[in-house]
Amino acid sequence: MRQALGHINIYQTTSNNYLFLYRCFSQLKTKCRSATFETTRFINFEPISRNYEESLMKHRIARVLFALTFVFTWLGFHSTPAYAASCLNVTCEGLNPSTMGCATGAVTSGSVKILSDGGNNQSYVETRKSSACDAKWARTTNKSGAYRYAAASLRYGCTNYCYSQSVRSPGTIANLATVYTPMHAYAATPTRSCGAVSVSGPINIPLSISSSSCTGAN
Amino acid sequence: MYKKYSTLSTGLAIALMVVTTIGSIVWYASQPQSKVLADTTKIQQLVTSQEIPSNNSISQAASTIPQLQTINGVTIELTSVKQTETGIEIGICYPTPDDGDWYPTPGHIYYSTYEVLPDEFEFISEQKADGINTGRRCVLIRYRIDEMESITTPMQFTLLDYWAVPREMPPCENLQQRLNTNPKAKAYGLKAKCSSDEQGGMSVTLSDKASSVAQDKAQLVLDEIVNGIVNGPWEFTITELEK
């Protein structure tokens with residue numbers, strides 16, 4: 001049943017009545033206990049009725065917002081990274097290549113320097129670059145055969161590569177594990193990557209340029 | 001008064017929910033999306049290293065280039081040997097089981113009374129495995145030699161193994177990508193459940209396989225993929241140097 005109440009329309013349905021009654025309880029306490037859902041009673045409770053549509057709209061908005069919050073939060077937790085590039089050159093500066101999706105399609109730039117321990121166990125340092133992100137970083141791989149401290153520095157700038165992005169492991173890392181630096185913008189930047197794998201540590205960074213522990217310019 | 005408080009509190013609640021909703025959307029959008037899923041629809045019959053009888057052979061005369069060396073069904077090709085300004089540069093090509101980042105472990109070279117450690121290597125070409133065919137990677141391995149006049153032949157060169165370097169992504173995602181591009185895994189219909197910890201450790205269990213494949217064989221193949229190493233050694237004897 002629909003009844004005009006001034007400029008307010010009241011839709012008398014079972015569910016609406018329930019909402020109306022709820023508002024009564026919350027606002028008029030005991031008065032509402034005797035309220036019936038006759039047309040005259042609606043007029044008596046005009047102040048509450050005026051709020052009715054507003055209240056209904058607020059409930060709808062709240063429900064929609066709650067649903068959206070739930071859906072996007074769930075998606076955020078359950079989405080699996082596919083590593084689509086999320087930054088480009090300058091916006092990649094200092095960021096993690098993995099979390100920014102730059103590792104997908106990344107390749108080694110130039111040569112891989114072997115950090116030999118004198119035996120057949122070889123660790124590596126190399127420069128990695130991503131065309132999609134237009135950025136570079138250095139990566140050191142521990143292939144010493146045991147747990148080791150590891151560090152890497154990507155050197156760039158000046159004539160002697162005076163700037164760097166560096167990383168070091170706070171503790172030892174497993175054999176076949178890697179550490180990699182944050183990114184430096186622009187894959188075309190001349191760089192050298194330096195690495196260290198050591199039984200003692202943490203290793204001091206940035207690592208200095210050395211022919212025995214750094215790649216050539218790339 | 002009560003109505004004012006009610007309206008105010010409702011407004012605040014809605015405003016808070018709007019902020020929360022926007023926050024959740026922004027957070028979701030900041031997460032890199034999508035996932036590579038296993039595709040076992042194109043199963044092909046493959047000749048795998050396990051199915052080939054284990055044999056060690058030099059298929060060509062040791063002194064010629066290219067040389068082929070087969071160990072446990074895996075053939076390595078020695079493509080070039082050069083004397084450079086800084087030492088010796090040896091080219092090899094090896095098959096890659098999946099699209100992982102497969103790195104060689106070159107051994108020392110021996111000639112006369114000298115033993116030289118490898119200094120660096122550089123990838124020169126790569127064809128990635130795609131789930132149907134295995135890949136192939138070629139690399140130049142360089143040995144720095146100070147006394148160039150000491151270089152003589154014959155020279156012994158060994159490739160100890162090659163292995164999949166963990167890429168800059170979560171270990172399980174790396175494994176899933178490798179599994180999806182491994183022809184043997186596809187032929188066997190392998191699917192795996194994987195979990196990793198913050199230290200990069202990984203726990204992998206076989207979750208599915210083709211019905212025609214025995215459980216232990218499927219598990220063996222999965223273990224091979226998880227280990228990510230192809231063992232040699234492949235030994236070559238070099239009798240000629242290109243200058």
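So that the names make sense, note that chain A is the first sequence line, chain B the second, and so on, each numbered from 1.
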(request) I would like to know whether E168(B) and T178(A) meet side chain to side chain contact (heavy atoms under 4.5 Å, CB included); could you show each step before the answer? (result) CA-CA 8 Å; E168(B) 301 91 335; T178(A) 64; 5.8 Å; no
(message) As an exercise, state the distance from CZ of R128(A) to CG of D101(B), rounded to the nearest 0.5 Å.
(response) 4.5 Å
(request) Give a yes or no on this: more than 12 heavy atoms of other residues, nucleotides or ligands lie within 6.0 Å of atom CD of Q156(B). (result) yes
(request) Would you mind reporting whether V112(A) and F123(B) have side-chain heavy atoms less than 4.5 Å apart? (result) yes
(request) Measure R142(B) against the heavy atoms of chain A and call it side chain, backbone, both or neither at under 4.5 Å. (result) side chain
(message) Ignoring hydrogens and geometry beyond distance, is a side-chain donor-acceptor pair present between Y103(B) and E126(A) at under 3.5 Å?
(response) yes
(message) Do T108(A) and E122(B) have side chains that approach each other closer than 4.5 Å (heavy atoms only, starting at C-beta)?
(response) no
(message) So F121(B) and K113(A), do their side chains get closer than 4.5 Å, heavy atoms only?
(response) no
(request) Mind ranking A164(B), G107(B), P166(B), G228(B) by heavy-atom pairs under 4.5 Å with chain A and telling me who comes out on top? (result) P166(B)
(message) With rounding to the nearest 0.5 angstrom, report the OG to NE2 distance, S116(A) to H108(B).
(response) 5.5 Å
(message) Need one label for D99(B): side chain, backbone, both or neither, based on atoms under 4.5 Å from any heavy atom in chain A.
(response) neither
(request) Flag the pair D119(B) / S111(A) as yes when at least one side-chain heavy-atom distance between them is below 4.5 Å, and no otherwise. (result) no
(message) What part of D161(B) gets within 4.5 angstrom of chain A, counting heavy atoms only: side chain, backbone, both, or neither?
(response) side chain
(request) May I ask you to decide if T105(B)'s main-chain N or O and Q122(A)'s side chain share a donor-acceptor pair within less than 3.5 Å? (result) no
(request) Using non-hydrogen atoms and a 4.5 Å limit, figure out which bit of P104(B) sits close to chain A: side chain, backbone, both or neither. (result) backbone
